[in-house]
There are 2 protein chains.
Amino acid sequence: MDIDKYTSHDKILVAVDCIIFGFDGHELKALLIKRAFEPEKGKWSLMGGFVSQDESTDEAAGRVLLQLTGMNNVYMEQLYCFSDVNRDAAGRVISVAYFALINIADYSEQLQLEHEAKWFPLAQVPALIFDHKEMVALAKERLQQKVANHPIGFELLPGKFTLPQLQNLYEAIYEEPLDKRNFTRKVLSLGILNKLDEKEKESSRKGAFYYVFDKGKYSKLHREGVKFI
Amino acid sequence: MDIDKYTSHDKILVAVDCIIFGFDGHELKALLIKRAFEPEKGKWSLMGGFVSQDESTDEAAGRVLLQLTGMNNVYMEQLYCFSDVNRDAAGRVISVAYFALINIADYSEQLQLEHEAKWFPLAQVPALIFDHKEMVALAKERLQQKVANHPIGFELLPGKFTLPQLQNLYEAIYEEPLDKRNFTRKVLSLGILNKLDEKEKESSRKGAFYYVFDKGKYSKLHREGVKFI
DNA sequence: CCAAAAGTGTTTCTATTACACCCATGT
DNA sequence: ACATGGGTGTAATAGAAACACTTTTGG
């Protein structure tokens, strides 16, 4: 590797910022932290970190996510590169934003305390540093588009979930109510869910059957062009 | 601006690369250049350039595009940030890819010669340096998705165009034939085209009426949620 | 008069929407 | 027995897809 070829050009600080989505059964939430260092120390912020010379932005985002959540193998997707010259008050930093979908129940209280992290319903996100609010807004938009065509909503739910839970999730993401019968029909017609014999009995007397997402069945569908909800 | 706050972190070379799409009436093409400097000098490549300390990636991409095409005010959109550690054989470079849509007829032969640039039908793109082939493929995918919901196809056509030309364009982008009657009905039903009295007489005896895209009428539609073709 | 491309409607099918009642169960 | 949320079908509508003939005109 001949690093000398490009020496006449500017080098720039590159960061990643993660919009971490979770779903508590009712609302779609984002995990924010109290920024631990200057500038803007103590203000609400996305979790982020600098990209080092020997890692890709994907790797950096994975690292940052692991740091905050202790989780690996999380669904994560590059969102957009934010590069306004003055986006960071303390200097020139280009940030590549990622969004992640995690099962909120798996998130450790312990780590939450350590990082002064907190889940905020999307409608109640506080003032954020720099352009992080813009990042959150864009992530929400992308998530809305993406779940319509890709089976990624399941990433926000436990391994087994009920149809009412799944519907709540989609309603939370789309921010609009869906018809129960139409929803059920459409979801089941895709043939990618397996019904279990077991019922969830917390939230109703009758209980609702659990389902699991069958990745194998999904893979057999065309990768693109599948309308979800 | 306090640039000293982040000094302990790595700085990285950041570049932009542009996938420039054009349409010649029959095929969708990409503008490629023979790379003018080492490494990989003389090989086919996307047009690119380094991002300097005092410009955003949008600005850098605009600059690069202006350099190659002489054009300003071109439709351009950020595609993706490519950051594999070894993507550039000569050193660590993160590249933010952009795609642009230009009216191929406006592109100066002169500049084409100066930069050793050439239009390649998408199906016949030669071997490209680094990860540029991946960039082109992703850009094509994004273009296909985007034109389905946004009125950006017009950017690839002259100010006035005929319905058969517009249909050819969509067929070229989607790489599949469309039904003429269904296409015409749908396009006209959007109410965003104005028919001129003038006919294009080159490509047929009968001649086809010219239309122009009416941006004002489009703006009155909802920004999102409009299905195009 | 003929070749070549432009222009134009109707029918079928599929997908989406709207809508209301019974079921199972814990208290 | 009743309150609570789970589960289910049908009819109406809108959108997409399939399909073929007539028109214009330069040569």
Side-chain angles (χ1 to χ4, degrees), chain A residues 24-26 144 147-149 157-158 160-172 174-212 221-222 224-229, chain B residues 24-26 144-145 147-149 157-158 160-212 221-222 224-229:
Chain A
D24 67 359
H26 302 281
Q144 288 176 338
V147 293
N149 297 298
L157 294 172
K160 56 188 188 185
F161 50 84
T162 67
L163 292 181
Q165 285 168 358
L166 187 62
Q167 181 174 343
N168 284 344
L169 170 63
Y170 274 86
E171 289 178 335
Y174 290 152
E175 296 175 324
E176 66 183 31
L178 299 172
D179 180 88
K180 184 171 40 160
R181 282 170 290 190
N182 293 341
F183 180 85
T184 307
R185 183 182 330 113
K186 200 158 163 188
V187 151
L188 293 180
S189 76
L190 296 170
I192 57 174
L193 297 185
N194 294 331
K195 189 177 188 171
L196 304 185
D197 276 338
E198 197 184 352
K199 274 186 168 182
E200 187 276 334
K201 311 268 292 180
E202 299 286 305
S203 49
S204 79
R205 306 277 156 91
K206 185 175 179 179
F209 281 104
Y210 279 119
Y211 288 78
V212 293
L221 298 178
H222 0 291
E224 308 293 330
V226 186
K227 274 274 231 155
F228 270 80
I229 309 300
Chain B
D24 67 359
H26 302 281
Q144 288 176 338
Q145 291 166 16
V147 293
N149 298 297
L157 293 172
K160 56 187 188 186
F161 50 84
T162 67
L163 291 182
Q165 284 168 0
L166 187 61
Q167 181 174 345
N168 284 345
L169 170 63
Y170 274 86
E171 289 177 335
I173 293 174
Y174 290 151
E175 296 176 323
E176 66 183 30
L178 298 172
D179 180 89
K180 183 170 42 162
R181 282 169 291 189
N182 292 341
F183 181 85
T184 307
R185 182 181 332 110
K186 200 160 165 187
V187 151
L188 293 180
S189 76
L190 295 169
I192 57 174
L193 297 185
N194 293 331
K195 188 177 188 171
L196 305 184
D197 276 337
E198 197 184 353
K199 273 187 169 184
E200 186 276 333
K201 311 269 293 180
E202 299 287 305
S203 50
S204 79
R205 306 277 155 90
K206 186 175 178 180
F209 281 104
Y210 278 119
Y211 288 79
V212 293
L221 298 178
H222 0 291
E224 307 293 331
V226 188
K227 274 276 230 153
F228 270 80
I229 309 300

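The shown structure was predicted, so the numbers you read here are calculated from the model rather than taken from an experiment. Order of the sequence lines fixes the chain letters, A, B, ..., with proteins taken first and strands second; residue numbering starts at 1 for each chain.
- Contact between the side-chain N/O atoms of A:Lys227 and the OP1/OP2 oxygens of C:dA15 is not found at any separation under 4.0 Å.
- For the pair A:Asn182 CG and D:dA11 P, the interatomic distance rounds to 15 Å; values are reported in whole Å.
- Spacing between atom CG of B:Leu166 and atom C1' of C:dG7 amounts to 15 Å, rounded to whole angstrom units.
- Cation-pi check for B:Lys199 over B:Phe209 is met; the charged atom lies under 6.0 angstrom from the ring centroid and within 45 degrees of its normal.
- You'll find that the side chain of A:Lys180 is closest to D:dG6, out of D:dA16, D:dA20, D:dG6.
- A sub-4.0 Å separation between OP1 or OP2 of D:dG7 and a side-chain N or O of A:Lys206 is absent.
- Here the side chain of A:Pro164 is nearest to one of D:dG26, D:dG7, C:dG7, namely D:dG7.
- The side-chain heavy atoms of A:Tyr174 and A:Ile229, taken from C-beta on, include a pair separated by under 4.5 Å.
- Taking the nucleotide of DNA chain D with the nearest heavy atom to each of A:Tyr211 and B:Gly207, the more 5' of the two is matched to A:Tyr211.
- Among the nucleotides D:dG26, C:dT17, D:dA17, the one closest to the side chain of B:Arg205 is D:dG26.
- As judged by a 4.0 angstrom heavy-atom cut-off over every strand, B:Thr162 is placed among residues making no nucleic acid contact.
- Rounded to whole Å, the distance from CG on A:Asn168 to P on D:dG7 is 12 Å.
- Residue B:Lys227 comes nearest to B:Leu190 through the heavy atom pair O-CD2, 3.8 Å, listed as atom of the first residue, atom of the second, then distance.
- In this structure, B:Leu188 atom CG and C:dT8 atom C1' are separated by 11 Å, rounded to whole Å.
- Distance A:Leu178 CG to C:dT16 P: 13 Å, rounded to the nearest Å.
- In this structure, the nucleotide among D:dG6, D:dA16, C:dT8 sitting nearest to the side chain of B:Arg181 is C:dT8.
- Between A:Ala208 and A:Asp179, the residue anchored nearer the 5' end of DNA chain D, judged by the nucleotide with its closest heavy atom, is A:Ala208.
- Summarising the geometry, the separation between CZ on B:Arg185 and C1' on C:dA6 is reported as 16 Å, rounded to the nearest angstrom.
- In this entry the distance linking CZ of A:Phe183 with P of D:dG5 reads 18 Å, nearest Å.
- Evaluated for a side chain to side chain contact (heavy atoms under 4.5 Å, CB included) with B:Tyr211, the options B:Leu157, B:Ile192, B:Asn194, B:Leu188 yield exactly one hit, B:Leu188.
- In this structure, A:Phe161 and A:Leu193 have side chains that are in contact, with non-hydrogen atoms separated by less than 4.5 Å.
- To the nearest angstrom, P of D:dA14 lies 17 Å from NZ of B:Lys186.
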